[in-house]
Enquirer: 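Below are the structure tokens for one structure; questions will follow.
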Number of protein chains: 2
Amino acid sequence: MSGPQLLDALLAITAVLQADQERELERRGLTVPRTHLLWVLHHGGPATQSALAEAIGVTPRYVTTLVDALESTGLARRTSHPTDRRALLVELTPRGASAMTAMASERVALGDALIEGLDPHAVAAAIQVIDHARERLERLVAEHERAQEERAESS
Amino acid sequence: MSGPQLLDALLAITAVLQADQERELERRGLTVPRTHLLWVLHHGGPATQSALAEAIGVTPRYVTTLVDALESTGLARRTSHPTDRRALLVELTPRGASAMTAMASERVALGDALIEGLDPHAVAAAIQVIDHARERLERLVAEHERAQEERAESS
DNA sequence: TATTGTTATACTCTATAACTATA
DNA sequence: TATAGTTATAGAGTATAACAATA
């Protein structure tokens, strides 16, 4: 009975979060996948384009496009790989690094703002419910995929 | 302290939900905005393209593209408006209607699956926390927008 | 032979501007 | 004059396939 309600509540806040995020990115001249790539560089340091493709879950070809865009706006740059002459290392420029630092602290501020006026215990309990639901969902998805693979094999 | 953790938990489950949804849509040969349009037709009945543009928050031009795609896959169709010869009414085909019915019940099943093993009271409390956070967020966004408009006016 | 990145191509999402038919 | 929808065009997101240089 309350499961669908939880789903509705999650989808509703998700929609607002995404709209807000997109507005913030637009203000900085960024897009979602470009920001995702910068985020990976911010946390993991310089990386090859293949590694970035793997990390953000897109094709290597699309990483080329993303890095082109980030280079042209001065947020990242390509440097040569020290040992593998096929590969390129992508790294943040100082401007890219400071943009990521600013976004990280804005995100913490947003998180704090979200729970203003709420009992910390209630928030902690809600986090547990959400995490539990996510784990259930991940297991369901994994089962679906396994079932589909079996169907594909048998056909 | 726990605000950013709540945000993280929400973003994490959101990512899984979206990935799951996209896989489901792909299985049916649908896309997110096309499904959104079908959903509006399912709940509100036949509508003009302008009304649909308003309802799903895209330009009228893009509704043309979406309806073209839905017509070519046999899920929706255009009919003439009874009184306004400029306008077209878009409606679900029987196939479109049954696809929407199936998706609605799948969504309820997903909601139920999410909370398996959880105390209903805990779920209800979590829903309250999420709704509260959404309302806070909506207010913040509205304030931001007002502030930006003022800045735009004064410049 | 396998891997890194790029050129070529294509489809979906989405917008603005200009236009046609009708109100 | 205003509105409903379409043609024209463009940029972003994203994929596959073919290819070059290097390992």
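Here the structure is a predicted model, which means the values were calculated and not measured. In what follows, chains are A, B, ... by sequence order, proteins preceding strands, each numbered from 1. Only heavy atoms go into these numbers, but all of them, side chains included; no hydrogens, no water, no symmetry mates.
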Enquirer: How many Å lie between CD1 on A:Ile56 and C1' on D:dA15, as a whole number?
Expert: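 Going from A:Ile56 (CD1) to D:dA15 (C1'), I get 14 Å.
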Enquirer: Working to the nearest 0.5 Å, report the span between CG of B:Leu11 and CD of B:Gln18.
Expert: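 Answer rounded to 0.5 Å: 10.0 Å.
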Enquirer: Got a salt bridge between B:Arg107 and A:Asp8, using NZ or NE/NH1/NH2 to carboxylate O under 4.0 Å?
Expert: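 A salt bridge is present here (some side-chain N lies under 4.0 Å from a carboxylate O).
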Enquirer: Could you tell me how far apart A:His81 (NE2) and C:dT4 (C1') are, to the nearest whole angstrom?
Expert: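 Rounded to the whole Å, the gap is 10 Å.
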Enquirer: Roughly how far, to the nearest 0.5 Å, is CE of B:Met103 from CG of B:Leu38?
Expert: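 It is 8.5 Å, given to the nearest 0.5 Å.
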Enquirer: Could you tell me the separation between the OG1 atom of B:Thr65 and the CZ atom of B:Arg34, rounded to the nearest 0.5 Å?
Expert: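 So the OG1 of B:Thr65 and the CZ of B:Arg34 are separated by 9.5 Å.
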Enquirer: Could you check which residues of residues 19-54 of chain A get a heavy atom under 4.0 Å from DNA chain D? Sort them by number, please.
Expert: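 Here the set is A:Thr31, A:Pro33, A:Arg34.
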Enquirer: Could you run down nucleotides 15-23 of chain C 5' to 3' and tag each one B, S or - for protein heavy-atom contact under 4.0 Å?
Expert: SB----BBS
Enquirer: Under a single-linkage definition using a 4.5 Å side-chain heavy-atom cutoff for Ile, Leu, Val, Met, Phe, Trp and Tyr, are A:Val129 and A:Ile127 assigned to the same hydrophobic cluster?
Expert: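 Both belong to a single hydrophobic cluster.
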Enquirer: Could you measure the distance from the CE atom of B:Met100 to the CG atom of B:Leu75? Nearest 0.5 Å is fine.
Expert: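 It is 7.0 Å, given to the nearest 0.5 Å.
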Enquirer: For C:dG5 and A:Thr64 - does any side-chain N or O of the residue sit under 4.0 Å from the phosphate oxygens OP1/OP2?
Expert: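 It does not, given that no N or O in the side chain of A:Thr64 lies less than 4.0 Å from OP1 or OP2 of C:dG5.
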Enquirer: Below 4.0 angstrom, N of the basic side chain to O of the carboxylate: do B:Arg27 and B:Glu24 qualify?
Expert: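 The answer is yes: the pair qualifies as a salt bridge.
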Enquirer: Indicate the ring-plane relationship of B:His43 and B:Trp39, choosing parallel, tilted or perpendicular according to the 30° and 60° boundaries.
Expert: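 It falls in the perpendicular class, over 60°.
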